[in-house]
Amino acid sequence: MSYQARKALAGIDLFAGLPEETLNDVIQRGTTFTTGAGRRIVEQGAADVGLQVVLEGTADVSVNGVSRSPLGPGDYLGEMSLIDGAPRSATVVSGPEGVTTFRLSALAFKPLMDDPKVARSLMKALCARVRSLEAKTSAQT
């Protein structure tokens, strides 16, 4: 599973461009977990924090009861709560075939934030996400 996790993590904006040794450190700090079909992965408002990257399968997302785009391989969730510790902003339920994710807890992630390469990569990805949301909001008004 390590190869699959490495490929998935290297392909997402949060970790793209990190040196291989840093990516290896991220992978060693996390674990893979499989959730059966139709099971809740995270619940909106819950205090648990941690990043999850979808390796296999799909997951359905809802915010305030409104469905959002489903997640598939290479998508991730929990990046904001991982950084700011705030409650979950969405409910995520595994899809009909279940889902396998790479999970990184806040405790395991905290030392990585001291690495300027990791912090810079996360800041760039989160800024890009904010800009994308702002552009969508501007287009709707």
Side-chain angles (χ1 to χ4, degrees), residues 1-140:
M1 196 58 74
S2 175
Y3 172 77
Q4 188 178 19
R6 179 183 325 285
K7 184 177 176 185
L9 292 178
I12 64 172
D13 55 358
L14 293 176
F15 300 116
L18 288 180
E20 189 162 336
E21 70 180 47
T22 304
L23 194 57
N24 287 339
D25 190 23
V26 172
I27 291 166
Q28 289 176 355
R29 291 174 181 275
T31 185
T32 56
F33 192 79
T34 300
T35 304
R39 307 277 311 219
R40 186 164 289 157
I41 299 169
V42 296
E43 185 171 351
Q44 185 174 355
D48 64 321
V49 295
L51 172 72
Q52 294 186 52
V53 180
V54 177
L55 301 177
E56 296 176 347
T58 61
D60 297 315
V61 180
S62 65
V63 177
N64 299 323
V66 178
S67 292
R68 301 293 171 102
S69 297
L71 302 175
D75 291 328
Y76 54 88
L77 60 123
E79 72 286 357
M80 293 187 302
S81 66
L82 183 69
I83 293 169
D84 67 9
R88 298 289 186 167
S89 60
T91 295
V92 181
V93 176
S94 59
E97 69 282 1
V99 67
T100 299
T101 59
F102 171 82
R103 294 182 176 191
L104 186 63
S105 72
L107 184 61
F109 182 75
K110 189 168 174 29
L112 293 170
M113 283 300 292
D114 293 334
D115 182 334
K117 291 175 271 210
V118 174
R120 198 172 305 117
S121 180
L122 288 170
M123 284 189 294
K124 285 182 181 179
L126 293 175
C127 285
R129 180 168 293 183
V130 169
R131 290 181 190 276
S132 173
L133 291 172
E134 287 177 343
K136 287 179 185 176
T137 301
S138 294
Q140 292 174 352

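The chain is numbered in sequence order, starting from 1.
- Atom NZ of K7 sits about 8.5 Å away from atom CD of Q4, to the nearest 0.5 Å.
- With hydrogens and angles ignored, the 3.5 Å screen pairs a side-chain donor or acceptor of S94 with a backbone N or O of R39.
- The minimum heavy-atom distance between A108 and S105, with the atom names listed, is N-OG, 3.0 Å.
- Between V26 and F15 the shortest side-chain heavy-atom distance falls below 4.5 Å.
- You'll find the side chain of D13 reaches within 4.5 Å of the side chain of Y76, heavy atoms only.
- At a threshold of 4.5 Å between non-hydrogen side-chain atoms, the residues V99 and V92 do not count as touching.
- Considering only heavy atoms from C-beta on, P96 comes within 4.5 Å of T58 through its side chain.
- Considering only heavy atoms from C-beta on, D115 stays 4.5 Å or farther from L18 through its side chain.
- The shortest non-hydrogen separation linking A16 to S121 is O-OG, 3.9 Å.
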Exercise for review: Given side-chain contact (heavy atoms from CB on, under 4.5 Å), test D25 with L112 step by step and report yes or no.
Suggested key: CA-CA 8 Å; D25 190 23; L112 293 170; 3.3 Å; yes
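- Put simply, the side chain of T32 does not reach to within 4.5 Å of the side chain of E56, judged on heavy atoms.
- V54 and G72 get closest at one heavy-atom pair: CB-O, 3.3 Å.
- No side-chain donor-acceptor contact under 3.5 Å links N64 to the backbone of V66.
- Atoms CG and CG, on N24 and L9 in that order, are 10.5 Å from each other to the nearest 0.5 Å.
- Nearest heavy-atom pair, R88 versus D48, reported as atom, atom and distance to 0.1 Å: NE-O, 3.0 Å.
- Rounding to the nearest 0.5 angstrom, the gap separating the CG atom in L104 from the CD1 atom in I27 is 10.5 Å.
- Note that CG of L107 and CZ of R29 are 9.0 Å apart. Values are rounded to the nearest 0.5 Å.
- The two atoms that bring L55 and A8 nearest to each other are CD2-CB, 3.4 Å, heavy atoms only.
- Looking at T34, its side chain never comes within 3.5 Å of a backbone N or O of T100 through a donor-acceptor pair.
- Of the possible donor and acceptor atoms, none in the side chain of R6 sits under 3.5 Å from a partner among the backbone N and O of L23.
- S81 contributes a side-chain N or O that, together with a main-chain N or O of G78, makes up a donor-acceptor pair within less than 3.5 Å.
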Exercise for review: For L51 and F109, run side-chain contact (heavy atoms from CB on, under 4.5 Å): C-alpha distance rounded to whole Å, both residues' side-chain angles, the deciding distance at 0.1 Å, then the answer.
Suggested key: CA-CA 9 Å; L51 172 72; F109 182 75; 5.8 Å; no
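- Listed for the T91 side chain is a donor-acceptor partner under 3.5 Å among the backbone atoms of Q44.
- The main-chain N or O of A128 is never found under 3.5 Å from a side-chain atom of S132 such that the two would form a donor-acceptor pair.
- When all heavy atoms are compared, the tightest approach of A59 to I41 is CB-CD1, 4.1 Å.
- Within the 4.5 Å cutoff, the side chain of V42 has heavy atoms near those of the Q52 side chain.
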